[in-house]
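Position 1 is the first residue of the sequence; numbering continues from there. Numbering of ligands and ligand atoms starts at 1, following listing order. Atom set for the values below is all heavy atoms of this structure, side chains included, hydrogens, waters and symmetry mates excluded.
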Amino acid sequence: MTYSQSALEAALTSLPLGTPLHYFERIGSTNDEARRLAENGAPEGTLVVADEQTAGRGRAGRTWVTPAGSAIAASFILRPALASSQLGVLSLVGGLAAAIAIENVCALRSQLKWPNDVWLRDRKVCGVLAEASHAGDARVDWVVLGIGINVSGAPPGGANLRYPATTVEAASGRAVDRTALLVALAEALADYYITLDAARVVHAWSKHMLWRGQTVRVDTGRQPFTGVVRGVSADGGLVLTLDGGETHTIAAGEISLLRKTSEVH
Ligand code: BTN
């Protein structure tokens, strides 16, 4: 089913994030459009939504498929009063908001793969692409928080996928109203973003953490790390116990499961 733009606008209008709404039946990438709007001074809360993306982008230069009528592709423009070094917690908020929205609308318990993928029943259902522009004084000028949720239809497949994918409907076994899910996403995002209380974000995020106690590899673009996942630090980093026994916190990277450990925590 396609969106009703007027219904979406009406539902978002009372929320702190989601207005003005820029809606497209089809677009290359909502993040690209949101970046363009942000560069041109669009206010905090501006939301770009598309029914279909023809050039959706994922993390690490990967592509992200958004077929018409079956997914959420949404990019929020945020203008947080943050130093660039404080962006780690904000990056957690996108995945947390999607997890909460899925729980509230579909009564499904989800898990979060650091930093911001949402998984349902051992499969990825949502990804977040956070992109920021930094002012000269190391403060953030704008952040575009792009969130993609597979809602219905055939789950994305193909050799390019790093993990098996699912949709919210496949996991819940029920029809899901995309508009209700998108509005719940904007609500949950506002709930955690407006105060941006790092301790509250990390506490809520940690309850969903995937692979805690498991051995993972983290690719950082420089040196890879291997260790057991312990949790998330106060500033949103991944806390590992490395093979040598020391504790190490990683600010940014791609995590993959190496092996399940039988350690008791
Ligand atoms: C990932 O897991 O690699 C992140 C995927 C992010 C996809 C969303 S869909 C809305 C927004 N527009 C894009 O082009 N990408 C993000």
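Among all heavy-atom pairs drawn from Ser29 and Arg57, the shortest one is OG-NE, 4.1 Å.
Under a 4.0 Å N-O distance rule, the pair Arg36/Glu39 does not qualify as a salt bridge.
With no hydrogens or angles considered, a side-chain donor-acceptor pair links Asn31 and Glu131 at under 3.5 Å. Between the side chains of Thr30 and Gln53, at least one donor N or O sits under 3.5 Å from an acceptor N or O. In this model, no donor atom of one side chain and acceptor atom of the other lie less than 3.5 Å apart for Glu9 and Tyr3.
Here ring-ring contact (aromatic ring centres under 6.0 Å, His included) pairs that include residues 169-190, with residues two or more places apart or in two chains, number zero.
For a heavy-atom separation below 4.0 Å, the residues in contact with ligand 1 are Ser29, Thr30, Asn31, Gln53, Gly56, Arg57, Gly58, Arg59, Trp64, Ala73, Ala74, Ser75, Asp117, Lys124, Gly127, Val128, Leu129, Gly146, Ile147, Gly148.
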